[in-house]
Amino acid sequence: MARYVFVTGGVVSSLGKGLSSASLAALLQLRGFKVRIRKLDPYLNVDPGTMNPFQHGEVFVTDDGAETDLDIGHYERFTGISATKSDNITTGGIYSDIIKKERKGDYLGGTVQVVPHVTDRIKKFISHDIKNEDFVICEIGGTVGDIESLPFLEAIRQFSNDIDKKNSLFIHLTLVPYMKASGELKTKPTQHSVKELRSLGIQPDIIICRSEKKIPISERKKISLFCNVNIENVIETIDVKTIYEAPISFHKEKLDDRVLSQFNIKSKKYPNLTKWKNITSKILNSKKDVNIGIIGKYVNLKDAYKSLDEALIHGGISNNLKVNLTRIDSENLKIQNLKSLLKDVSGVLIPGGFGKRGSEGKIAAIKYARLNNIPFFGICFGMQMAVIEAARNLLKIKDASTSEFGNNCTPVVGLLEEWQKGKKIFKGSEKNLGGTMRLGLYEAILKSNSLISKIYSMKKIKERHRHRYEVNIKYKKEFEKKGLIFSALSPDGMLPEIIELQNHPWFVGVQFHPEFRSKPFTPHPLFSSFVKAVAINKRKH
Ligand code: GLN
């Protein structure tokens, strides 16, 4: 039977619960165990798909088309296990299920309540589809003390009782702040947070203390005493230079040891962290570097393009290069300042995006990259903007645009009424924004002898999608005459999946999001190839 590890957080948000959970999972894997990680999010959106990246960071898409929290991306990158729809749930998702059932009359006239109906639904999610896993690590989003978290905390308390307490474990992550004025680390916020958790019936077994300084034994003793936790189970986590150092640092702190010993389980093997050490050293010690400009709308929030940033780092790992990212706000980008804003970068990347704001800046940057032989990588919206730029300047369709910005244009990018996925007809819609995009893994057939077929060394690929609009196939011939090749199409030949420009060092647009499938140990070929092209361009100048 699977053992369940619940990870909660206290004091403040953004302490790194996701990375701690992912690191623990990676360490248990290295010890020979089968793990699964999932996340419960307390907000009321049914999924993060409709949330602005400014609010919530990136929306991570799974193979099966779920729009999930960005922590799911960390889980995949750290464990290599593809997440599914059943690995992330929100309060909104739970309530919408319950309300649907209630409307159908499934509760047979009963009163529907938080306890037991909501908590039962949460418990069902936690153990759903768990088969032969040794460990299920379950992260609870938010912070203990939030009103929204209560049903989740109650559910995990009940769950632990239901499965017999010895098969579950509670880890609580808190902040131990350093007070500069007095030169002290403060344990009181941790004590209060644990007190709050205990008042809800949950006694943490392990406390992970996030701190900017090493926590001395005296402070650990205090936390152990006041929080009723064995001193060996008070674990510190100090900021790391790269997230891939986190499993190494948690192992040094014996997190995996302590978890196994709480469960009274012997390790299947001693964890070999060499591969983690290797990538960490490549990221931190590579002598050569490249600068890549990411032009987008959400450049002020670090987490808005999380998977993309990571995929570029992975591309750096495969080329033994450090990748520096310069974020450029597309709204500030004008033809007049393009040259100066792009002067220090050797490659340009335009990521996924939505809406008209900032799009003209992106189009201007694409033109600049196209004409000046600067490696260009357009992802989803980035590819659509590249097609619009080419339509305006190569095909001379002056009003070429996307119907996403309104109907007052020649839509070289437009809304398709129907997409085919297997035998099911999928209807896209502009009216209903939640979950109505072309989402998840779709197949594409690569054109032989193209740059892209060399990059992938494959004929067919599957990549994750998240978009509503498509490049209109009817312009294919005209574009190809001008050297813009549609080098991958959907199997039915209707949907352009990849474009590439001939007679340019590296100019590729993809309708999907390759960043979601890149892993530190298996960098995505598109990112490896792009970073390589950027490095070649740097050497030339
Ligand atoms: N807004 C575009 C669409 O919906 C692109 C989406 C994206 O970049 N993920 O088609």
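As the structure lists them, so they are numbered: ligands from 1, and atoms in each ligand from 1. Numbers here simply count residues along the sequence, with the first being 1. Just so it is clear, the values below take in all heavy atoms, side chains as well, and ignore hydrogens, waters and symmetry mates.
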statement: So for H513 against ligand 1, with non-hydrogen atoms under 4.0 Å, the contacting part is side chain
- prompt: Of all the atoms in ligand 1, which lie at a distance below 4.0 Å from a heavy atom belonging to E404?
  reply: 1 (N), 2 (C), 3 (C)
message: For Y456 and E463, which I'm curious about, is there any donor-acceptor pair between the side chains at under 3.5 Å?
response: yes
task: Examine F354 together with F381 and report whether their ring centres are nearer than 6.0 Å.
output: no
message: Looking at ligand 1, is there an atom of it that comes within less than 4.0 Å of some heavy atom belonging to E470?
response: no
query: Where is the nearest protein heavy atom to atom 7 (C) of ligand 1: which residue, which atom, and how far?
result: C380 SG, 3.1 Å
message: Looking at K538, I want to see if its NZ is surrounded by more than 12 non-hydrogen atoms of other residues, nucleotides or ligands under 6.0 Å.
response: yes
field: SB check K131 D129 (cutoff 4.0 Å)
entry: yes
message: Test your reading of the structure: does G353 have an N or O sitting under 3.5 Å from an N or O of ligand 1?
response: yes
Charged N-O contact under 4.0 Å between R464 and D63: yes
message: For the 3.5 Å polar cut-off, considering only N or O atoms, please tell me whether H467 and ligand 1 meet it.
response: no
- request: For the pair R121 and E102, find out whether any cationic side-chain nitrogen is under 4.0 Å from an anionic carboxylate oxygen.
  value: no
task: Take R468 and E404 through the salt bridge (charged side-chain N to carboxylate O under 4.0 Å, His left out) test and state the conclusion after the steps.
output: CA-CA 9 Å; R468 191 169 278 119; E404 180 170 0; over 6 Å; no
query: Within the structure, does F354 bring an N/O atom to less than 3.5 angstrom of an N/O atom in ligand 1?
result: no
query: For residues E58 and S307, is any side-chain donor paired with an opposing acceptor at under 3.5 Å?
result: yes
message: So if I count the atoms of ligand 1 from 1 in the order they appear, which ones are less than 4.0 Å from some heavy atom of Y469?
response: 3 (C), 4 (O), 10 (O)
message: Test your reading of the structure: does Q511 have an N or O sitting under 3.5 Å from an N or O of ligand 1?
response: no
message: Give me the residue, atom name and distance of the protein heavy atom closest to atom 4 (O) of ligand 1.
response: R468 N, 2.9 Å
statement: Of all protein heavy atoms, the one nearest atom 9 (N) of ligand 1 is R466 O, 2.8 Å
